[in-house]
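Indexing begins at 1, ligand by ligand and atom by atom, following the structure's order. Worth saying up front: this structure is predicted, and the values here are computed from it rather than measured. FYI, the numbering just counts along the sequence from 1. FYI, side chains are in, hydrogens and waters are out, and symmetry mates aren't considered; it's all heavy atoms of this structure.
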Amino acid sequence: MGFDTIIRNGIVATATDTYVADVAIENGKIVALGASLPAQNASAAIDASGKLVLPGGIDVHTHLDMPFGGTTSADDFETGTRAAVFGGTTTLIDFAIQYKGQRLRQAFDTWMSKAANKAVCDYAFHCIVTDVSGGQLAEMNDLVREGVTSFKLFMAYPGVFMLDDGSIFKALQTTSKNGGLVCMHAENGSAIDVIVQQALAQGKKAPKYHALTRPTTAEAEATARAIALAEMAGAPIYIVHLSCNDALEKVREARDRGLPVYAETCPQYLYLSIENFDAPGFEGAKYVFTPPLREKWHQEKLWNGLTRDHLQVVSTDHCPFCFKEQKELGRDDFTKIPNGGPGVEHRMSLIFSGGVASGRFSVNRFVELTSTTPAKLFGLYPRKGTIAVGSDADLVIFDPKRKHTISAKTHHMRVDYSMFEGIEVTGMPDVVLSRGRVVVDRDKFLGRAGQGDFLRRSTYTQTK
Ligand code: URP
Ligand code: ZN
Ligand code: ZN
């Protein structure tokens, strides 16, 4: 038997098991797993002794080439997926935006053409729905059939993305029938808008007021309301970018009642805090994203939520804007700072470092949070999210001991700063394979724009 590639002697870690084995790859798929597989006929062999072999990371929340806040996010599908694979993430789920009055199809077609011939790794889309008044509910069924099986709705950004509760409820009733999953941006946008207008009237215009005008209670209230609407509709719900303990408590209570409620958090809420706004001058603009940074004590609550399965996924909400050219738009008024931060490249290392290397949870839980549960919830499992015969050979040979100091000087994202500048992580990807092809070998990029495929996803599978 001749394999295309064999990865020898690595410590294979999935969400459930850790064992030493060889992994054999043919035509982009894993075809054999076991001790001492016959390597002599393999076209290529990679020695992974002493290294972890992990399923490629899945980041279910990125915004590449996204028009927002009067500009467009700085990474496109080429630079963003390239940075992702450097960090050990081999699948992205991005967002196709339906603007008011548009068909959902228009959103899907637009984002398909943004990604075509650019993506370095596989990708899929959620559809952002901002208007359900003209046949879009029926169109949600069409998209589910075409593999776009999740929909982001907003309870924030009034006048731009926000939907009223009745529209949200109708969308949830639709997914309760078609098997889709609603991803909710949960913040009380109407109340926040009042607080923002009052702050501006008092001359409070510096970046830190972005955070000070979006209280944790506004996130907790919307999280509870989203869960109640989903319960009434008989639908599952997934809360995106959860940032604080107040919202986490709402998710935990719902899950304790046995409801199909899930939530993600992001590395910025685990590593950064409102203290980052003490940075001099306008530097605080680097940390303007939504929901905002919270007081430091929330961080440990979120780590604990990840350990105890009150939170199920870590995504990045990667939405980069350059400090010089783009964040500048809000120099005199924080409401004009484009909301978003860069993160797609460092999720795996930050979560491995803070989670596994620092002893908070096991490598198996790390895999579950960064790959397996994202694959299960978003209809990609078992093609993605695990190491098993028949699965895609999206694999990361990961050095659990290698240290790296994160810096904009060395990162691959197309943005002029890092939110995590100077943070030292333990654990870095050495070699990354996307469907059997080596795309990264330490600091060498060996991939090609356009080799990533669009993934038609199945509908949501309930996890624990
Ligand atoms: O500030 C953020 N998070 N920008 C991206 C849009 C969103 O709400 O996810
Ligand atoms: Zn959001
Ligand atoms: Zn987002």
Taking 4.0 angstrom as the limit, do Arg103 and Glu139 come out as a salt bridge?
->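 Result for this pair is yes, salt bridge flagged.
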Between Lys384 and Asp122, does at least one N-O distance fall below 4.0 Å, as a salt bridge requires?
->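 Yes, charged N to carboxylate O under 4.0 Å.
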Is the Zn ion (ligand 2) under 2.8 Å from any N, O or S atom of Val240?
->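 Not a single backbone or side-chain N, O or S atom of Val240 is under 2.8 Å from the Zn ion (ligand 2).
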What distance do Ile168 atom CD1 and Leu153 atom CG have between them, rounded to the nearest 0.5 Å?
->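 Answer rounded to 0.5 Å: 6.0 Å.
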The Zn ion (ligand 3) - name of the N/O/S atom of Asp317 that sits closest to it |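 That would be atom OD1.
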Hey, can you tell me if [X] and [Y] have their rings parallel, tilted or perpendicular (30° and 60° cut-offs)?
X	Y	value
Tyr157	Phe161	perpendicular
His241	His61	tilted
Phe108	Phe125	perpendicular
His346	His404	parallel

Under 2.8 Å from the Zn ion (ligand 3), is there an N/O/S atom belonging to His241?
->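 Coordinating: no.
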Is the distance from the Zn ion (ligand 3) to the nearest N/O/S atom of His185 under 2.8 Å?
->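 Looking at His185, which is the residue asked about, there is no N, O or S atom under 2.8 Å from the Zn ion (ligand 3).
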Do the two ring centres, one from Phe68 and one from Phe95, sit under 6.0 Å apart?
->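 Centroid separation for Phe68 and Phe95: 6.0 Å or greater.
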Where the Zn ion (ligand 3) is the vertex, angle from His61 NE2 to His63 NE2 to 10° =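 About 110° at the Zn ion (ligand 3).
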Could you pull out every protein residue that has a heavy atom closer than 4.0 Å to ligand 1, ordered by chain and then number?
->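 Heavy-atom contacts below 4.0 Å: His61, His63, Phe68, Lys152, Phe154, Tyr157, His185, His241, Phe289, Thr290, Asp317, Cys319, Asn339, Gly340.
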